[in-house]
> 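First the structure, then my questions, so here it is.
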There are 2 protein chains.
Amino acid sequence: MYRVSQLAAKFGLSRSTLIYYDQEGLLSPSGRSGAGYRLYSERDLERLAAIVSFRKAGLSIEETRVLLASGEGEQSVLRKRLAVIGDQIRALQAQQHLLARMLRVQSGGELPESVDKETWVAMLRAAGMDDEAMETWHAEFERRAPQAHHSFLLSLGIGEQEAQAIRAWSAAGGKEGAVREG
Amino acid sequence: MYRVSQLAAKFGLSRSTLIYYDQEGLLSPSGRSGAGYRLYSERDLERLAAIVSFRKAGLSIEETRVLLASGEGEQSVLRKRLAVIGDQIRALQAQQHLLARMLRVQSGGELPESVDKETWVAMLRAAGMDDEAMETWHAEFERRAPQAHHSFLLSLGIGEQEAQAIRAWSAAGGKEGAVREG
DNA sequence: ACTAAACCGTGAAGCTGTAGACGGGTCAAT
DNA sequence: ATTGACCCGTCTACAGCTTCACGGTTTAGT
């Protein structure tokens with residue numbers, strides 16, 4: 001049987017956090033001592049281990065509760081979180097761009113704020129990539145991270161329609177269509 | 001002279017937000033009507049435009065206040081925020097990996113929505129790039145668009161320090177240091 | 001002149017997840 | 001029995017808003 005601060009230390013959490021979990025009904029100690037102290041059992045410890053891993057994945061208390069209640073099969077919650085993370089990363093990247101632009105305006109640099117399609121292609125060519133290699137690269141990109149592939153294309157200033165065309169072409173292995181490079 | 005909801009609508013904010021900014025002393029209306037209504041001037045509008053852009057970059061109320069107070073030259077706040085964004089993106093990518101593993105355990109494979117350093121390197125390798133080619137590529141990137149190069153490295157979840165190391169190495173033509181790949 | 005809708009102000013409460021303060025309980029050593 | 005160190009439970013606060021409630025104001029329409 002662990003007391004609250006002991007258990008907290010064991011998991012690198014703060015005492016307040018465990019108390020909060022108790023209040024939320026996410027992890028209530030299986031017992032109390034004579035003095036009213038929270039006493040956590042081994043079973044509580046295991047549950048906490050699961051909680052911690054879900055929380056590390058950024059799931060909310062509520063989502064964590066759902067997952068613990070529903071056994072294992074709840075993929076939807078995880079998938080949803082994955083989508084949210086994607087959105088958040090994209091939002092942060094947008095902020096990066098904003099900040100970069102602000103800093104450049106102040107320091108007066110003349111360099112392009114972001115790379116366009118031509119520059120990008122030129123850089124890859126300088127590194128020895130030929131058309132076929134770029135095709136392979138796009139295909140890999142599409143296979144491993146379709147969303148990121150899309151964002152990347154847009155970041156080069158490529159329009160939504162052309163981006164979709166490139167992706168379709170990548171997915172098909174570059175068989176058809178006249179998308180030339182990049 | 002605008003009234004609070006009008007101004008809010010103009011900037012896509014809610015009435016509450018403007019009232020909150022007023023309470024915080026971030027943007028107080030330059031006047032009040034006979035009935036005590038907040039009246040915003042053109043100057044207020046300009047100030048709000050600045051506030052909105054800073055907030056879009058993820059700066060806190062407090063940081064925004066500092067920037068507005070200190071005129072222009074306050075780059076430190078922006079740089080600090082840039083570093084924080086990098087941390088956050090890295091944290092989110094770690095969560096992506098965790099979630100992807102969880103889902104993979106439960107079913108088949110899942111695809112990430114944003115690319116990290118390892119994935120990026122793997123894609124370039126798949127397209128036939130070797131270490132030397134990557135070196136050339138980094139050097140080109142640094143030469144043509146240093147700022148974008150920096151942003152790009154950060155977007156892969158690479159830390160500020162390592163990013164600077166890679167850039168220095170790129171600029172020097174990859175002569176020294178044990179920066180391995182990417 | 002009057003009414004209804006749409007606006008305004010203030011104030012309080014709520015949200016998430018955590019940190020910290022407060023006063024009092026517990027425990028080993030004296 | 002008593003000191004001190006440490007622990008406990010409970011309560012409050014934080015960002016950055018939003019929502020709600022209550023009551024006054026303006027405005028358009030009749």
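To find a chain, count down the sequence lines: A is the first, B the second, and so on, and within it residues start at 1.
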> With respect to the phosphate group of D/dG16, does any side-chain polar atom (N or O) of B/T17 fall under 4.0 Å of OP1 or OP2?
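Checking D/dG16 against B/T17, no side-chain N or O comes under 4.0 Å of OP1 or OP2.
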
> Under a 4.5 Å side-chain heavy-atom rule over Ile, Leu, Val, Met, Phe, Trp and Tyr, are A/Y40 and A/I61 clustered together?
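In one cluster with A/Y40: A/I61, yes.
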
> Look only at the side chain of A/R47 and the backbone of A/L26, and say whether a donor-acceptor pair between them is shorter than 3.5 Å.
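Yes, because the side chain of A/R47 sits within donor-acceptor range (under 3.5 Å) of the backbone of A/L26.
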
> Centres of the B/W169 and B/F141 rings: under 6.0 Å?
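Ring-ring flag for B/W169/B/F141: false, centres at least 6.0 Å apart.
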
> Is A/I89 reachable from A/L98 through a run of I, L, V, M, F, W or Y residues, each pair having side-chain heavy atoms under 4.5 Å apart?
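No, A/L98 does not connect to A/I89 through the hydrophobic network.
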
> If hydrophobic clusters are built by linking Ile, Leu, Val, Met, Phe, Trp and Tyr wherever their side-chain heavy atoms come under 4.5 Å apart, do A/V77 and B/L99 end up in the same one?
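They do share one cluster, since a chain of ILVMFWY contacts under 4.5 Å joins A/V77 to B/L99.
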
> Between atom CG in A/L39 and atom C1' in C/dT26, what is the gap in whole Å?
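A/L39 atom CG is separated from C/dT26 atom C1' by 13 Å.
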
> Out of curiosity, does B/V84 fall in the hydrophobic cluster containing A/L92 (side-chain heavy atoms, cut-off under 4.5 Å, transitive links)?
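Different hydrophobic clusters.
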
> Compare side-chain N and O positions of B/R38 against OP1 and OP2 of D/dT25 and report whether any pair is under 4.0 Å apart.
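For D/dT25, OP1/OP2 do not have a side-chain N/O of B/R38 under 4.0 Å.
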
> Estimate the overall bend of the helix from C/dA1-D/dT30 to C/dT30-D/dA1 from the end axes over five pairs each, rounded to 10 degrees.
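About 30°, once rounded to a multiple of 10°.
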
> In residues 43-59 of chain A, which ones come under 4.0 Å of DNA chain C, going by heavy atoms?
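When residues 43-59 of chain A is checked for heavy atoms under 4.0 Å from DNA chain C, the hits, listed by number, are A/R55.
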
> Quick one: is D/dT18 close enough that its OP1 or OP2 comes under 4.0 Å of any side-chain N or O from B/S14?
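Yes, B/S14 has a side-chain N/O under 4.0 Å of OP1/OP2 on D/dT18.
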
> Without decimals, in angstroms, what is the distance between A/L7 CG and D/dC7 C1'?
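Distance check: A/L7 CG to D/dC7 C1' gives 15 Å.
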
> List for me each residue that meets salt bridge (charged side-chain N to carboxylate O under 4.0 Å, His left out) alongside A/R43, sequence neighbours excluded, and say none if there are none.
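If we apply the salt bridge (charged side-chain N to carboxylate O under 4.0 Å, His left out) test to A/R43, skipping adjacent residues, there are no hits.
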
> Are any of the side-chain heavy atoms of B/K56 and A/Q95 separated by less than 4.5 Å?
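B/K56 vs A/Q95: side chains apart.
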
> Could you measure the distance from the CE atom of B/M102 to the CG atom of A/L82? Nearest 0.5 Å is fine.
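Rounded to the nearest 0.5 Å, the CE-CG separation comes out at 11.0 Å.
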
> Please tabulate, for the side chains in residues 2-12 of chain A, all donor-acceptor contacts under 3.5 angstrom to protein atoms that are two or more places apart in sequence or on a different chain.
residue: A/Y2; atom: OH; partner: A/E42; partner atom: OE2; Å: 3.0
residue: A/Q6; atom: OE1; partner: A/R3; partner atom: N; Å: 3.1

> Take B/R3 and B/S60, find for each the nucleotide of DNA chain D with the closest heavy atom, and name the residue whose nucleotide sits nearer the 5' end.
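Final value for this comparison: B/S60.
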
> Would you say CD of B/E24 has more than 12 non-hydrogen atoms from neighbouring residues, nucleotides or ligands within 6.0 angstrom?
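Yes.
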
> Start with the C-alpha gap between B/R90 and B/D116, add the side-chain angles, then the distance that decides, and say whether side-chain contact (heavy atoms from CB on, under 4.5 Å) holds.
CA-CA 9 Å; B/R90 247 166 287 130; B/D116 60 15; over 6 Å; no

> Taking atom C1' of C/dC8 as reference, at what distance in whole Å does atom CG of B/L18 sit?
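Atom CG in B/L18 sits about 13 Å away from atom C1' in C/dC8.
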
> Which residues in residues 19-37 of chain A have at least one heavy atom lying under 4.0 Å from any atom of DNA chain C?
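Per residue number, the list reads A/Y20, A/Y21, A/A35, A/Y37.
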
> Could you list, one pair per line, each protein nitrogen or oxygen that sits under 3.5 Å from a nitrogen or oxygen of nucleotides 19-22 of chain D, together with the distance?
none

> To the nearest angstrom, how far is B/Q6 atom CD from D/dT26 atom C1'?
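Between C1' of D/dT26 and CD of B/Q6: 12 Å.
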
> Measure from the side-chain N and O atoms of A/T64 to the backbone N and O of A/S60, and report whether any donor-acceptor pair falls under 3.5 Å.
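Pair found, side chain donor or acceptor close to backbone of A/S60.
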
> Starting at atom CZ of B/R81, determine the distance to atom P of D/dA15, rounded to an integer number of angstrom.
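Nearest whole value for this atom pair: 16 Å.
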
> Stepwise, does the side-chain contact (heavy atoms from CB on, under 4.5 Å) test hold for A/V66 with A/L59?
CA-CA 10 Å; A/V66 169; A/L59 295 167; over 6 Å; no

